[in-house]
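All chains are named by letter (A, B, ...) in the order of the sequence lines, taking the proteins before the strands, and each is independently numbered beginning at 1. Excluded from the calculations below are hydrogen atoms, water molecules and symmetry mates; all remaining heavy atoms, backbone and side chain alike, are included.
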2 protein chains.
Amino acid sequence: MAEPRRPRAATELKRARLLDATEEVMLEEGYAAVTSRSVAARAGINAPLVHYYFPTIDDLFVAVLRRRGEQGVRRMEQALASPEPLRAWWEAASDPRGTALLVELMAAANHREALRAEVGEFARQVRAMQMERLSTLLEEYGLDVREFPPALIAAAVHGLAFGIVQDAAAGYDTATDEAADGMARLVARLEERRRSRAT
Amino acid sequence: MAEPRRPRAATELKRARLLDATEEVMLEEGYAAVTSRSVAARAGINAPLVHYYFPTIDDLFVAVLRRRGEQGVRRMEQALASPEPLRAWWEAASDPRGTALLVELMAAANHREALRAEVGEFARQVRAMQMERLSTLLEEYGLDVREFPPALIAAAVHGLAFGIVQDAAAGYDTATDEAADGMARLVARLEERRRSRAT
DNA sequence: GTCTATATTGAGATAGAC
DNA sequence: GTCTATCTCAATATAGAC
């Protein structure tokens, strides 16, 4: 009785290598440089074989996005559940590689429907987790919910981290060190306050 | 005595039309879709003529960036000098079209040296203006400079506006309305406080 | 300044042998 | 699953007539 074919180990490995290669091309040359040829060369396989694993280039982008997105969700879950949630959140949001990929995926998603939908799913999921957590957390940090609604705080943390990391990576030198220092101290003060408020 | 050739009126007009067309293509299809053909078609001229005005596609990008960047600098200058500087700044930073173009230019600039340098110039210039203004403004708003360094405030306003506008434009629905409302109220409270503090 | 024609390069994708 | 060979299309850019 013939069993349904299972992909061989080598197959999954090659798929992963293709995703890695795609991320590298995106980071080094931008999403527009992702072609079956460029990705294949970097993964050490033949160009037409890319289409065997990912029929279209869009499929490849979506696969990259899913893998990253799921990582991001897991990481944010852990951060929000950690002993110092705000600090962990800030660190997770400040990941340079994730931010650089986000720039590319964001730009690409603005003009590719399949990607746009997928980015939206992850963005909503992460934001919902953050706001849910903030609903009890804000008080612990001694912040007034009416003055600082969860949606505002979440957007601020995200936007601040994104801007600082992107400017730093590009070398725009817009006082990113000062801003990062200022945020680190603000986070430290808030964590301190929460600690001293806990029974 | 032969005078140095001056471009005819029609020439400058066509240049401007090409820049407009380029912005449109970037907004609708992304920076990667900017080609001599796509831009020429939208501007109603022949493709090879694009190369007469802008020898390379990079030159075209740089010209678009300069025009937008100079607009942005002027607008920020006016905002910071207005009667309600923080509100005007927030409104300028929340411009949807400017933000959408910034996404494209940022992504493109990460992999094109000529663009990267140019974006950096404008980013530094704007950030310096903001920080200079904040050095006296923060006190007027009743904010402690040590708690909220100018670089942090500037990065926060920028990042917040960018994130909210981008998510809203893409339709990611990450509670952007709530965040925007929260920020509007925060700005209103601060402007109110500044007014009541003024002699 | 504006056009037609074209050189050159590389893209996505598929056919079909192995 | 993996390869070679190839189709088709479109890109940047230039040459050269007008």
Side-chain angles (χ1 to χ4, degrees), chain A residues 2-22 24-26 28-65 104 107-108 111-115, chain B residues 2-22 24-26 28-65 104 107-108 111-115:
Chain A
E3 296 215 77
R5 285 207 169 274
R6 269 204 314 150
R8 293 188 305 190
T11 296
E12 267 313 296
L13 196 91
K14 232 164 245 176
R15 248 188 76 98
R17 279 232 310 272
L18 278 172
L19 297 185
D20 293 342
T22 304
E24 280 170 37
V25 174
M26 291 178 79
E28 290 171 27
E29 304 170 60
Y31 76 87
V34 172
T35 69
S36 44
R37 285 165 171 80
S38 67
V39 167
R42 212 174 277 253
I45 67 171
N46 254 32
L49 197 52
V50 173
H51 290 290
Y52 170 77
Y53 287 96
F54 303 96
T56 74
I57 299 294
D58 261 31
D59 295 329
L60 185 54
F61 278 127
V62 169
V64 166
L65 174 54
E104 297 299 328
H111 314 286
R112 293 168 180 248
E113 185 49 34
L115 265 183
Chain B
E3 296 215 79
R5 284 206 171 276
R6 269 204 316 151
R8 292 189 305 193
T11 297
E12 267 313 296
L13 197 92
K14 233 164 245 176
R15 248 188 75 97
R17 279 231 310 272
L18 278 173
L19 296 186
D20 293 342
T22 304
E24 281 170 35
V25 174
M26 290 177 79
E28 290 171 27
E29 304 170 60
Y31 78 86
V34 172
T35 71
S36 43
R37 283 167 168 78
S38 65
V39 167
R42 211 173 278 253
I45 67 172
N46 254 33
L49 197 52
V50 174
H51 291 289
Y52 170 78
Y53 287 96
F54 303 96
T56 72
I57 298 293
D58 262 31
D59 295 329
L60 185 55
F61 278 127
V62 169
V64 166
L65 173 55
E104 297 299 329
H111 314 285
R112 293 168 179 249
E113 185 48 34
L115 264 183

**Request:** Apply side-chain contact (heavy atoms from CB on, under 4.5 Å) to B/V39 and B/I57, showing your working.
**Result:** CA-CA 10 Å; B/V39 167; B/I57 298 293; over 6 Å; no

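Between B/F61 atom CZ and D/dA11 atom C1' the separation is 13 Å, expressed in whole Å. We find that CZ of B/R15 is positioned 17 Å from C1' of C/dT2, with the value rounded to whole Å. Atom-to-atom, CG of A/L13 to P of D/dT2 comes out at 11 Å; the value is rounded to the nearest Å.
Between A/S36 and C/dA11 there is no side-chain polar atom (N or O) within less than 4.0 angstrom of OP1 or OP2. Between A/R37 and the phosphate of C/dA11, there is a side-chain N or O to OP1/OP2 separation shorter than 4.0 Å. In this structure, A/T35 does not reach the C/dG10 phosphate: none of its side-chain N or O atoms is under 4.0 Å from OP1 or OP2.
Within the 4.5 Å cutoff, side-chain heavy atoms of B/R42 are placed close to those of B/E28. Side-chain contact check for A/I45 versus A/Y52: every heavy-atom pair is 4.5 Å or farther apart. Looking at A/S38 and A/E29, their side chains never come closer than 4.5 Å, going by heavy atoms from C-beta outward.
Between A/H111 and B/E104, the shortest heavy-atom contact is NE2-OE2, 2.6 Å.
For residues 38-55 of chain A, proximity to DNA chain D is found at A/N46, A/P48, A/L49, A/Y52, A/Y53, defined as any non-hydrogen atom under 4.0 angstrom from a strand atom.
When distances are taken from the side chain of A/I57 to each of D/dG1, C/dT2, C/dA13, the shortest belongs to C/dA13.
Judged by distance alone, with hydrogens and angles left aside, the side-chain atoms of A/H51 form no donor-acceptor pair with the main-chain N or O of A/T56 at under 3.5 Å.
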